[in-house]
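Worksheet for the structure shown next.
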Amino acid sequence: MTGVLGYINCLLLIIKTLEPSHVVICYDAGSNVRKTESDTYKANRGPLDNDFIIENNILKDEAFYAMGIESIGFRGIEADDILYTLSHIAQFGTERFDEVVIATVDQDLLQCVTERCAVLLWNSAKKQQLMWVPDVLEKWNCEPDDIRFIKAISGDASDNVIGIKGIGPKTAVKIMAEAEWNFEKALEHKKLEGHREQILSNLDLVTLRNIAGTLGPVDWSYHELGLGLKADLESFIDKYECSSLRKRLPAVLKTLRVKQ
């Protein structure tokens with residue numbers, strides 16, 4: 001249960017810090033369409049530990065329910081794509097929010113950053129950074145949506161996306177800047193000659209995808225914070241003997257706006 005409690009404590013801290021009106025958690029439900037498109041994509045990652053799978057299921061099936069928080073996952077679709085889609089719907093859908101924040105450890109989601117959507121890069125309780133457009137510009141030397149072009153050219157070690165040999169992110173930025181951020185024009189650069197097919201394949205892998213058709217209509221009322229019940233949370237705490245949560249139950253209830 002160490003992983004479960006660690007995740008819950010992290011989530012509670014994020015909610016306490018951001019004080020959101022709505023919360024939704026997205027997860028990888030298994031399989032991955034990108035892996036069917038590429039033999040190397042995420043091939044650097046080993047199989048999931050059985051204990052991790054068990055704890056992940058406890059989180060997904062019990063902990064989130066007890067906290068009154070909905071989680072979403074689709075087999076074959078990465079959580080990043082769900083988050084990207086939800087952030088887009090939250091900004092431009094029928095019910096629009098003035099501010100959207102995605103909390104993650106994955107910098108791929110910086111592609112989501114807009115004037116109304118920020119990404120909270122969360123490495124630990126003591127190390128996090130809220131990234132808006134100016135922050136992305138400072139870190140990546142490009143607009144959020146252009147990060148995918150940089151990764152398509154230079155690669156992404158975390159996902160085992162193999163870039164063009166000898167070209168790192170700084171050189172990729174320089175190439176794109178010389179091409180006035182026109183991707184088709186950048187592909188004509190002499191350093192990229194003969195690599196068009198590989199770069200286009202990489203671009204498809206690193207670009208976040210809108211899955212609104214799969215997701216369907218979103219009713220944000222199901223994701224309001226405060227839908228949980230005290231009895232459900234107490235039952236979860238007792239079942240798994242979460243003594244640390246029990247000791248600070250009043251604070252936890254307040255953070256989650258749980259009904260008494």
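Numbers here simply count residues along the sequence, with the first being 1.
Across all non-hydrogen atoms, the minimal contact from Ala29 to Phe74 is CB-C, 3.6 Å. Residues Val24 and Leu86 approach most closely at CG1-CD1, 3.9 Å, considering heavy atoms. Contact record, Ala152 with Ile199: CB-O, 3.7 Å, taken as the closest heavy-atom pair. Heavy-atom minimum distance, Leu227 versus Ser221: CD1-O, 3.6 Å. Nearest approach of Arg257 to Ser21, heavy atoms of both residues: NH1-CA, 4.0 Å. Between Trp132 and Thr114 the shortest heavy-atom distance is CE3-O, 3.7 Å.
In this structure, Ile58 is not a member of the same hydrophobic cluster as Tyr27, with clusters built from ILVMFWY side-chain heavy atoms closer than 4.5 Å.
Side-chain atoms of Asp146 never come within 3.5 Å of backbone atoms of Phe149 as a donor-acceptor pair (strictly under, hydrogens ignored). Put simply, the side chain of Gln111 never gets that close to the backbone of Pro144: no donor and acceptor are under 3.5 Å apart. Remark: side-chain polar atoms of Thr255 are paired, donor with acceptor, to backbone N or O of Ala251 under 3.5 angstrom. Not a single donor-acceptor pair under 3.5 Å links the side chain of Ser154 to the backbone N or O of Ala172.
Under the 4.5 Å side-chain criterion, counting only non-hydrogen atoms from C-beta, Ile69 is in contact with Ile15. Within the 4.5 Å cutoff, no side-chain heavy atoms of Thr104 are placed close to those of Trp122. Between Leu121 and Gln128, every side-chain heavy-atom pair lies at or beyond the 4.5 Å cut-off. A 4.5 Å side-chain heavy-atom check between Cys142 and Leu137 finds every atom pair outside the cut-off. Annotation: side chain of Leu233 is in contact with side chain of Leu249 (closest heavy-atom distance under 4.5 Å). Annotation: side chain of Leu5 is in contact with side chain of Leu245 (closest heavy-atom distance under 4.5 Å). Contact of the Val119 side chain with the Asp135 side chain is not registered, since no non-hydrogen atoms from C-beta on lie closer than 4.5 Å.
Using a 4.0 Å cut-off between a side-chain N of Lys or Arg and a carboxylate O of Asp or Glu, Arg148 and Glu143 do not qualify as a salt bridge. With respect to Glu184 and Arg196, a salt bridge is recorded, a charged nitrogen being found less than 4.0 Å from a carboxylate O.
Each salt bridge (charged side-chain N to carboxylate O under 4.0 Å, His left out) pair with one or both residues in residues 65-92, not counting sequence neighbours, appears once here: Arg34-Glu78, Arg34-Asp81, Lys42-Glu78.
By the ring pair (Phe, Tyr, Trp, His ring centres under 6.0 Å) test, Trp220 pairs with Phe97, His223, sequence neighbours left out. With sequence neighbours left out, Asn141 forms a side-chain contact (heavy atoms from CB on, under 4.5 Å) with Val173. By the salt bridge (charged side-chain N to carboxylate O under 4.0 Å, His left out) test, Glu234 pairs with Arg246, sequence neighbours left out. Here Leu83 pairs with Cys26, Ile102, Leu109 under the side-chain contact (heavy atoms from CB on, under 4.5 Å) rule; sequence neighbours left out. By the ring pair (Phe, Tyr, Trp, His ring centres under 6.0 Å) test, His195 is found to be paired with no residue, residues two or more places apart in sequence or in another chain being considered.
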Between Phe64 and Phe236, is the ring pair (Phe, Tyr, Trp, His ring centres under 6.0 Å) condition met? List the steps.
CA-CA 10 Å; Phe64 297 152; Phe236 175 82; 9.6 Å; no

The test is side chain to side chain contact (heavy atoms under 4.5 Å, CB included); show your working for Ser87 and Gln91 and say whether it passes.
CA-CA 6 Å; Ser87 71; Gln91 294 175 79; 4.3 Å; yes

